[in-house]
Amino acid sequence: MAGSSANDAFVAFERVQKSYDGETLVVKDLNLTMPKGEFLTMLGPSGSGKTTCLMMLAGFETATHGEILLDGKPINNIPPHKRGIGMVFQNYALFPHMTVAENLSFPLEVRKVGKSEREEKVKRALDMVQMGKFGGRRPAQLSGGQQQRIALARALVFEPELVLMDEPLGALDKQLRETLQFEITRLAHDLGITTVYVTHDQTEALTMSDRVAVFDDGRIQQLASPDVLYEQPQNSFVAQFIGENNTMEGVVQEIKGDTCIVKLDGGEVIDAKPVNVTKVGERTRVSIRPERVEFNKDRLQPGAHTLKAEVLEFIYMGDIFRTRLRVAGNEDFVVKTRNAPDQVRLKPGQQIEIGWLPEDCRALDA
Amino acid sequence: MSDASLDAPVLSADGKPLKQSLNQALRKQKIRALILIAPLLVFVMVSFVAPIGSMLMRSVQNTAGVDYIPDLMPNVVASIKDWDPRSGETPPEEVYRGMAIDLAAAFENRSHTQLGRRFNYESPGFSSLFRSAGRPVSRWDLENDGPFKEKFLDLNDDWGNIEYWASIKANSGYYTTSYFLAAFDAERTSEGIRFKDPDQRIYQKLMLRTLGLSLLITFCTLALGYPVAWLLADLPVRTSNLLLILVLLPFWTSLLVRTSAWKILLQDQGVINNFWVWLGFAERLPLINNQTGVIIAMTHILLPFMILPLYSVMKTIPPSYLRAAKSLGASNWTAFWRVYFPQTTAGIGAGALLVFILAVGYFITPELVGGADGTFISNRIYFQFAVSGNWGLAAALGTLMLVVILVLYYIYDKLVGVDNVKLG
């Protein structure tokens, strides 16, 4: 998916803006292209504009400015029912007065598909989501997970090339959500469907997507594959929003190619990788993942800066240990270590020294 | 669980059957609940169920004033049993003799006019017959002045009319069907029961008109109210609350005031007709004292009863259903008709039932703007009660109305299901 460019874009947003009240922009200058077959997630806090983008793509909202293209054709003036886009809603939106089979048959009926073909397609779609036996039931007789499977089957039964999902798993419990996450990705890849998925759950975004667009304040803050997003966040917001994160504030003291030295507000000095700091003297917020903090001095590079830390709390979580430290005045500095046979278990009150590889500690905007 | 446990009654911890223990535990709650509703229960019984029950009874009770006919005319009732009106002959002497005794006794009590009025409901003429006979009969010597047949015929030839005697015989019990016959536009003759001439069947006509106009008004309120309710349900809460007040404002105004307002608007020299003429039309529209006026005024007055149930049902339908339908390829109309509309049937049912039942019983509006051909059955019931004093017929018409509504309700329940009706 890395080779996507505007030329082979299946879905494209070009300088799209949206305002509801004529005073504030909910979506500010959105540019996005998606190749065919991609699973893209729009991730962001509520009010960040992600759902608005989805609704503009579906045709339920109109863009105030800019162009949305589907397969190279502008769709701004095409009504929703002529766009041929499948959609899955958070509350499932299964029609309560129809049976499951009638729900699935509905998009085929409005497309004037013949009766026998309709029945066959409905059956195939139900089997696809392992709900073959439930055709005669009413939606109210199904559990939340089953309803969402039916909603998924209904969005796929008329074989759309693009499927939109608006927080489809938001109302389900954790275990069911994980099962369905896997099923949705499998289906999307098997059928080669292009999918736009909206969620505020970052784990969901990371596990399901080819690429994730992180939204905040009406803009895409970063658009990248999950691993890049997690390991190389481009700014403080993305670093904070994706995964757990330790932050410290300070001033850039020295920049040397790929590394820089940051003097923290408490006076301590650390190594970091300059990401969006450019000059000495600039204020910065450094970010480091809890699992990249090292307290075994032997594994650090010679000459690397270290920080003194005091263990405040040790939490045994089964697969990992979670240790809370006081570092440079910050009492919420968290370190995660794997529960391996040779792993040290720190005790509260213990004084240790911690460090990290310079590329794991990213100096971002303050 | 083993199968044996299914047969034996389940026991609670102290060995008593569980059902018994449960009943004991719930008894206190039930008694408390009963005490709470007791005042309302008593109120409803005293002020609603009992009067209505007595009213329904009145439709079959055969009374003149407060007394039953057999108590007022014991001798006539006893002797007329053996007479057959179909024989073509006047009743035998003992019936006339009985009549003389009973009439004399009634004249003493000043109740002979009430008797006359009672039988006047059956055939006009009875009233004057009884009234004029009261005084002469009271002067007869009941022991020796016989035979009385000739004496009665001397008073008035109508005492020899077989139809009159047939009426008396037919209404000589404690209970009578004659009010219901009248309510059905039927009458009893010496040959048996038959419908009146078609041009005299006023109650059938009124009943059909009441049901027909009510149905039309229900349909009008639905056609006008549905889009309004949808708009209300679709708007943001702040705006919809404001609009809802506009819907409710007329609702809070007195019915009499609103009907009078329509009278002013609809009359020949009223606002609407003046505007019509100003537009350049020569003819003034007959909008009042006819069915048009009733339909217009009642549609307006009953509109909130349609809008409110519709609104409350539509409020619960998430907008995502319509969106889902459109995303699945349905045009606006298909999405509405196949997805939205079926989900509002519960509200339509509730609104239609409410408006229809209210409309059928409407009185003030048809009375004020209905004129001659816009009156409802309720206006006729009022007339029988207050003007003509025929409470029996009024009660029979009322009972008939109640039965018709219950039958319609039953049919409605079979077709739509009353469980599906949502009133709010």
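Since the model is a prediction, treat every value here as computed from it, not as a measurement.
Around atom NE2 of A/H200, no more than 12 heavy atoms belonging to other residues, nucleotides or ligands sit under 6.0 Å away. Counting heavy atoms of neighbouring residues, nucleotides and ligands inside a 6.0 Å radius, atom OH of A/Y20 exceeds 12 of them. Other residues, nucleotides and ligands contribute at most 12 non-hydrogen atoms within 6.0 Å of the CZ atom of B/R238.
Proximity to chain B (any heavy atom under 4.5 Å) is shown, for A/R83, by neither the backbone nor the side chain. For A/F60, the parts lying near chain B are the backbone and the side chain together; criterion is any non-hydrogen pair under 4.5 Å. Contacts of A/Q90 with chain B are absent, with no heavy-atom separation under 4.5 Å from either backbone or side chain. Looking at A/L94, the atoms closer than 4.5 Å to chain B (heavy atoms on both sides) all sit in the backbone: N, CA, C or O.
The shortest heavy-atom contact between A/R111 and B/L328 is NH1-O, 2.6 Å. Of all heavy-atom pairs spanning B/S327 and A/M87, the tightest one is OG-CB, 3.7 Å. Among all heavy-atom pairs drawn from B/Q343 and A/P96, the shortest one is OE1-CG, 3.3 Å. Between B/S320 and A/N91 the shortest heavy-atom distance is OG-ND2, 3.0 Å.
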B/R338/A/F95 under side-chain contact (heavy atoms from CB on, under 4.5 Å): CA gap, chis, key distance, verdict: CA-CA 10 Å; B/R338 296 270 323 265; A/F95 306 140; over 6 Å; no
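Of the possible donor and acceptor atoms, none in the side chain of A/H81 sits under 3.5 Å from a partner among the backbone N and O of B/A325.
Atom CZ in A/F106 sits 6.5 Å away from atom OG1 in B/T334 (nearest 0.5 Å).
You'll find the side chain of B/P318 stays beyond 4.5 Å of the side chain of A/F89, heavy atoms only.
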